[in-house]
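These notes are about the structure you will find just below.
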Number of protein chains: 4
Amino acid sequence: MFIHVAGYLLSEGAVTRVTHQYVAARREAILDAAARLFARKGITSATMADIAAEADLSAGAIYRYFASKNELLRAVFDEAVTRNQQLFREEALAAPSPLEALKRVGRRVWVELDDRDALICDIQMALTAAREPYDFGIELSRNRESIRQLLEELIRAAQDAGEIDRSIDASALAFLLQATTSGVQMLKLDPG
Amino acid sequence: MFIHVAGYLLSEGAVTRVTHQYVAARREAILDAAARLFARKGITSATMADIAAEADLSAGAIYRYFASKNELLRAVFDEAVTRNQQLFREEALAAPSPLEALKRVGRRVWVELDDRDALICDIQMALTAAREPYDFGIELSRNRESIRQLLEELIRAAQDAGEIDRSIDASALAFLLQATTSGVQMLKLDPG
Amino acid sequence: MFIHVAGYLLSEGAVTRVTHQYVAARREAILDAAARLFARKGITSATMADIAAEADLSAGAIYRYFASKNELLRAVFDEAVTRNQQLFREEALAAPSPLEALKRVGRRVWVELDDRDALICDIQMALTAAREPYDFGIELSRNRESIRQLLEELIRAAQDAGEIDRSIDASALAFLLQATTSGVQMLKLDPG
Amino acid sequence: MFIHVAGYLLSEGAVTRVTHQYVAARREAILDAAARLFARKGITSATMADIAAEADLSAGAIYRYFASKNELLRAVFDEAVTRNQQLFREEALAAPSPLEALKRVGRRVWVELDDRDALICDIQMALTAAREPYDFGIELSRNRESIRQLLEELIRAAQDAGEIDRSIDASALAFLLQATTSGVQMLKLDPG
DNA sequence: TATGAATGAGTTTTCATTCAT
DNA sequence: TATGAATGAAAACTCATTCAT
């Protein structure tokens with residue numbers, strides 16, 4: 001060690017940075033593979049070996065990145081929640097008017113429906129949360145609530161701008177929009 | 001075996017009838033137990049032993065009624081589809097007018113949402129169908145289609161009766177109603 | 001069920017008794033197999049498959065009798081403790097005088113040393129208890145203490161009967177006897 | 001590689017000496033770490049990664065010093081045997097009289113009992129030797145025998161010096177002393 | 001020499017399914 | 001028909017060991 005000190009000090013930073021990038025990339029790859037396989041086969045039926053193969057790894061290697069299958073599942077769900085939130089906020093912020101924002105969000109959701117894996121992932125997430133509310137449900141619930149609030153704010157703003165009839169109950173409409181969105185997701189599942 | 005002695009004392013016909021009733025009742029019990037457990041634990045996590053226990057049977061006995069877990073699953077799904085169809089048709093037939101029929105169907109669906117197990121079963125069915133379209137998807141798809149048609153017919157009838165604005169696209173409205181229904185199901189799942 | 005009632009009532013007792021005996025015998029067989037293999041290969045290296053094979057079963061079958069490898073280990077240890085206690089008490093009760101009791105216990109311990117598997121099991125138990133005091137140590141500690149007390153009582157009785165010099169500290173001698181016994185166990189381990 | 005540059009600035013001899021010292025120190029550190037972890041977790045449960053971490057190294061690095069976990073185990077056992085031998089000889093040589101030598105050895109052994117890790121290591125060694133006599137037992141056996149002879153010689157010398165009653169069987173007493181020593185080790189294990 | 005990511009064999013555990021009773 | 005013990009094929013997870021850097 002005393003002989004190598006200089007060398008280590010020089011290289012450590014670089015090595016660490018490279019390794020971190022590599023590790024982060026692998027983590028991401030596993031996460032993506034898991035999301036795909038959970039969607040295609042179902043959470044229980046997707047084996048760690050399946051996921052590993054999809055991520056070009058051996059099954060054991062996954063455990064360097066995620067402590068257990070359950071942790072991996074949680075991470076996949078976290079990513080899905082984040083993705084959903086971003087989708088809404090991005091469109092809402094970019095739009096020139098409240099009504100336009102609502103329309104764009106709707107259009108964006110419609111487009112995203114073509115990502116079948118993400119679609120299934122969302123529904124599976126809801127099911128899992130329904131069955132294990134304390135392990136998985138809390139964040140999902142918060143997520144849904146925050147999206148509902150965003151919709152409600154947009155509706156009220158549109159009402160203030162005269163773009164939507166003021167007699168409409170903004171809260172109820174927000175609920176209805178969200179329900180319809182979820183519903184369209186369900187219908188989109190239909191393989192027919 | 002001696003345990004059948006009592007049965008043999010009855011005339012052949014009676015025995016057969018009793019046995020048939022008995023078998024049918026057991027089948028139904030297993031089906032119900034399976035539906036409950038598939039909903040609560042998920043299809044893969046619900047074991048045959050769980051289901052047997054819930055139906056007051058031993059694990060092996062189920063195989064007298066269903067050839068495999070997959071067959072049992074199929075039967076559970078069949079029942080769910082049938083139940084859904086009946087629900088719609090019953091209400092539609094009993095209503096005095098088309099619009100009233102639509103309203104009653106809506107109310108009935110709303111009430112059924114409180115059967116959490118049925119709710120989860122429906123969603124799980126859709127997921128399974130999405131993943132294995134040829135094994136499970138076809139009938140589900142037909143079911144959804146037939147319900148959509150029923151809705152569309154009711155809407156058209158209501159339009160003919162002047163109860164609904166004729167400028168509305170009946171087909172699109174039927175789709176929307178169905179989507180909203182599915183969507184409310186999803187929101188109802190939310191444990192929060 | 002209603003058809004079979006009579007038959008079931010008649011046979012249930014018999015069936016249950018037979019089954020219970022069978023189950024108990026299997027449990028015992030597994031326990032013995034496990035004790036042997038824990039001794040021969042060590043606790044960690046003895047696999048459930050090894051144990052099952054030694055007990056003429058498949059690995060999975062063990063789980064009908066013991067919830068986990070750890071439970072099985074605990075049961076093996078429990079049996080060893082019980083065996084040790086019995087050995088001491090039996091000899092002590094049967095002897096005509098306190099000193100004779102001490103001698104008989106000593107002779108019995110000496111004889112038991114030839115059961116190499118039991119020997120190793122005892123030592124392994126002590127090691128395991130040392131490492132996981134709260135999981136395994138408490139009962140073992142109690143066991144050792146109760147044997148020490150028995151020895152002390154015997155020594156005091158022998159002193160009262162004039163068989164052992166009264167100037168000797170009974171407690172210290174009991175400790176020494178126990179230590180020597182343990183020590184001879186250790187030396188007996190020596191394969192040379 | 002550049003990380004060796006500093007080392008090359010030194011003369012060949014110096015580099016070699018430093019490297020040798022370094023290697024020896026590392027080897028020793030690994031050996032100590034392994035002894036500690038084998039004692040605390042058990043041989044099988046202590047992982048190479050555990051040991052490496054305890055020795056401030058990465059898992060792979062150990063293989064520069066020991067070809068396998070088994071070799072490492074063997075080395076740990078060798079050290080323990082050597083330590084035991086030295087302990088006895090040191091005290092025996094330093095004592096002014098044979099009886100005093102015996103007493104000092106006894107006292108030293110008593111003191112060493114407080115090194116719980118060494119204690120457990122000794123017992124584990126005996127167990128391992130009992131199970132794999134040809135791999136691990138031979139040297140241990142020789143060690144025990146040589147200590148017994150040393151004790152016997154001391155006893156005889158004490159008898160010749162009139163310090164111990166000549167009627168006592170020196171060989172038997174040596175055996176007994178050794179057994180008691182081992183036995184006290186076992187009792188010391190007791191967590192209670 | 002040191003690192004630590006990856007591998008692959010092995011271990012515990014679970015469960016659908018079978019079958020003797 | 002019902003039971004429940006047993007099987008055997010997975011599946012999650014662990015770890016000694018290797019190897020590119």
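Throughout, protein chains are lettered first and strands after them, A, B, ... in sequence-line order, and every chain is numbered starting at 1.
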D/Met125 side chain reached by D/Val76 side chain, heavy atoms, under 4.5 Å: no
Salt bridge (charged side-chain N to carboxylate O under 4.0 Å, His left out): pairs with one or both residues in residues 25-34 of chain A, sequence neighbours excluded: none
Main-chain N/O of D/Ala39 paired with C/Arg131 side-chain donor or acceptor, under 3.5 Å: yes
Backbone N/O of D/Asp135 and side chain of D/Arg74: donor-acceptor pair under 3.5 Å: yes
D/Phe136 side chain reached by D/Leu73 side chain, heavy atoms, under 4.5 Å: yes
Interface with DNA chain E, restricted to residues 34-45 of chain B and to heavy atoms under 4.0 Å: none
Distance, rounded to the nearest Å, where D/Arg27 contributes CZ and E/dA2 contributes C1': 18 Å
Pairs flagged by salt bridge (charged side-chain N to carboxylate O under 4.0 Å, His left out) wherever residues 48-69 of chain C is involved - sequence neighbours left out: C/Arg36-C/Glu54, C/Arg40-C/Glu54, C/Lys41-C/Asp50
Any side-chain heavy-atom pair of D/Phe77 and D/Leu140 under 4.5 Å: no
Step-by-step side-chain contact (heavy atoms from CB on, under 4.5 Å) determination, A/Ile51 to A/Leu72: CA-CA 10 Å; A/Ile51 296 168; A/Leu72 176 54; 4.1 Å; yes
Nucleotide pairing, DNA chain E (Watson-Crick or G-U, distances under 3.5 Å), in dot-bracket with [ ] and |: .||||||||||||||||||||
Within-4.5 Å side-chain heavy-atom neighbours: A/Gln124 and A/Cys121: no
Shortest non-hydrogen contact from D/Gly137 toward D/Ala129: CA-CB, 3.6 Å
Strand contacts (DNA chain E) in residues 48-66 of chain A, 4.0 angstrom heavy-atom criterion: A/Leu57, A/Ser58, A/Gly60, A/Ala61, A/Arg64, A/Tyr65
Residue C/Arg26, side-chain atoms from C-beta onward, closest of F/dA2, F/dA6, E/dT12: F/dA6
B/Ala130 versus B/Pro133, closest heavy-atom pair with distance: O-CD, 3.8 Å
Any A/Ile120 side-chain heavy atom under 4.5 Å of A/Phe38 side chain: no
4.5 Å side-chain heavy-atom contact, C/Leu31 and C/Tyr65: no
DNA chain F contacts made by residues 67-79 of chain D, counting heavy atoms under 4.0 Å: D/Ser68, D/Lys69
